[in-house]
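Single-structure report; data block below.
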Amino acid sequence: MTHEGAKGITDCVEQSISRMTRLFEREPSRFFTETDILAHLRMFLHESLKELDLDTVLDSNGQPNSLIHSEFPTPFRCDMRGRRFEVKTDEDRTPNNSLYKRGHFDIVVLSPGFVARHPFEVLKSQDFKIVQQAIIPQLVRDDPAIVHGIELLYRRDPIKHSQGQDKWKAANTFVEEILQDEWKLGAARSIGGFMQNATTLVFIKGTAPDVVEMIRFTLAGITNIEVIAAQ
């Protein structure tokens, strides 16, 4: 994919996120669940990509594919128990002596070049052996498999001040959830040629302004996390 092509898709993602942000800030009561927000964001992404004639891209077998996918599997096994995050190998075992599972990304926008290089069986990435054998060794640094990965969190109920000495306990727990998703995206971006850009979107409804500001302050050093709040 050319630099101009990648920039066009990136612009589509950024415009769609801005559109979703404005809608949430204006009418947060539209959204009951994360799935509601994801559905709207997917719709905005589809509309933007369609303007670039990228609503459908042919795979290596000439079959039509969408660039936008939800619950796309990570290219690694990982430990996400509690609010931790750690990449695991096939040699690592859980406390129950089983293999660690893979995580998922809420939304990915694939590269047209990546789609064109592979058939459906590879693109869907469900079989980890196929990922290890047919995707990872053939990644192209100048044309990553995923142009943009997105994680999304939605807190629809107020995050309140906690009782006791640490009134920020509930807010800090939510920050840990946000960081877990951010670390997952970071691990994906560390694999050369897999994911070019990443954004963690955090939507908060009905939370007191000082709690929202505390969350924003705690996350201020991480540029690809966006906190969107509304009453």
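From a predicted model like this one, the values you see are computed outputs, not experimental measurements.
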Side chain to side chain contact (heavy atoms under 4.5 Å, CB included) test vs Cys12 passes for just one of Val109, Val147, Leu52, namely Leu52
In Ile107, Ile17, Thr223, Leu185, the residue satisfying side chain to side chain contact (heavy atoms under 4.5 Å, CB included) with Thr199 is Ile17
Quick check: closest heavy atoms across [X] and [Y], and the distance to 0.1 Å?
X: Pro28; Y: Gln231; answer: CG-C, 4.2 Å
X: Ala229; Y: Val212; answer: CB-CG1, 3.8 Å
X: Gln126; Y: Pro73; answer: NE2-CG, 3.6 Å
X: Ser60; Y: Pro119; answer: OG-N, 2.9 Å
X: Leu41; Y: Ser16; answer: CD1-O, 3.8 Å
X: Leu54; Y: Pro112; answer: CD2-CG, 4.1 Å

With distance as the sole test, does [X] use its side chain to make a donor-acceptor pair with the main-chain N or O of [Y] at under 3.5 Å?
X: Asn96; Y: Ser98; answer: no
X: Asn61; Y: Gln63; answer: no
X: Arg83; Y: Met80; answer: no

For [X], is the [atom1] atom crowded, meaning more than 12 foreign heavy atoms sit under 6.0 Å from it?
X: Asp53; atom1: CG; value: no
X: Gln163; atom1: CD; value: no
X: Arg26; atom1: CZ; value: yes
X: Lys88; atom1: NZ; value: yes

Less than 4.5 Å apart, side chain to side chain, heavy atoms only: is that true for [X] and [Y]?
X: Trp183; Y: Arg84; value: no
X: Val13; Y: Leu45; value: yes
X: Ser70; Y: Leu38; value: no
X: Arg216; Y: Glu213; value: yes
X: Arg117; Y: Asp143; value: yes
X: Asn172; Y: Ser162; value: no
X: Val202; Y: Val227; value: yes
X: His46; Y: Ile68; value: yes

| said: Please tell me whether Thr207 and Arg155 have a donor and an acceptor in their side chains that are separated by less than 3.5 angstrom. | reply: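 Arg155 and Thr207 do not have a side-chain donor-acceptor pair below 3.5 Å.
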- request: Take Phe203 and Phe31 through the side-chain contact (heavy atoms from CB on, under 4.5 Å) test and state the conclusion after the steps.
  value: CA-CA 10 Å; Phe203 294 87; Phe31 308 103; over 6 Å; no
Are [X] and [Y] joined in one hydrophobic group, where the rule is that I, L, V, M, F, W and Y side chains link up if heavy atoms are under 4.5 Å apart?
X: Ile136; Y: Val108; value: yes
X: Ile178; Y: Phe85; value: yes
X: Phe120; Y: Phe128; value: no
X: Leu110; Y: Val140; value: no
X: Met43; Y: Phe24; value: yes

Measure the spacing between [atom1] of [X] and [atom2] of [Y] and express it to the nearest 0.5 Å.
X: Thr74; Y: Lys101; atom1: OG1; atom2: NZ; answer: 12.5 Å
X: Ser125; Y: His69; atom1: OG; atom2: NE2; answer: 9.5 Å
X: Arg77; Y: Arg93; atom1: CZ; atom2: CZ; answer: 8.0 Å
X: Glu34; Y: Leu153; atom1: CD; atom2: CG; answer: 5.5 Å
X: Leu219; Y: Ile215; atom1: CG; atom2: CD1; answer: 7.5 Å
X: Ile222; Y: Leu179; atom1: CD1; atom2: CG; answer: 5.0 Å

### Task
Decide yes or no on side-chain contact (heavy atoms from CB on, under 4.5 Å) for Phe114 and Leu123, but give the supporting numbers first.
CA-CA 8 Å; Phe114 173 69; Leu123 292 170; 3.5 Å; yes
ask   = After noting the C-alpha distance and the side-chain angles of Arg81 and Asp79, does the key distance pass the salt bridge (charged side-chain N to carboxylate O under 4.0 Å, His left out) rule?
value = CA-CA 6 Å; Arg81 291 172 298 160; Asp79 181 2; 2.9 Å; yes
Are the charged groups of Arg30 and Asp36 less than 4.0 angstrom apart, N to O?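 Salt bridge: no.
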Original post:
Should Arg22 and Glu25 count as an ion pair when the cut-off is N to O under 4.0 Å?
Top reply: no
From the list Glu151, Lys184, Gln180, Glu182, side chain to side chain donor-acceptor pair (under 3.5 Å) with Thr200 holds only for Glu182
Take Gln196 and Ser111 through the test side-chain contact (heavy atoms from CB on, under 4.5 Å) and record every step on the way to the result.
CA-CA 10 Å; Gln196 181 175 352; Ser111 159; over 6 Å; no
Open item on the list: Is there a side-chain contact (heavy atoms from CB on, under 4.5 Å) between Val211 and Met214? Walk through the geometry before answering.
Closed with: CA-CA 5 Å; Val211 178; Met214 178 271 178; 5.6 Å; no
- Task: Decide if the gap between the ring center of Phe76 and the ring center of Phe194 is smaller than 6.0 angstrom.
- Result: no
| request: Could you check whether the rings of Phe44 and His40 sit parallel, tilted or perpendicular, using 30° and 60° as the cut-offs? | output: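 Rings of Phe44 and His40: perpendicular, as their planes differ by over 60°.
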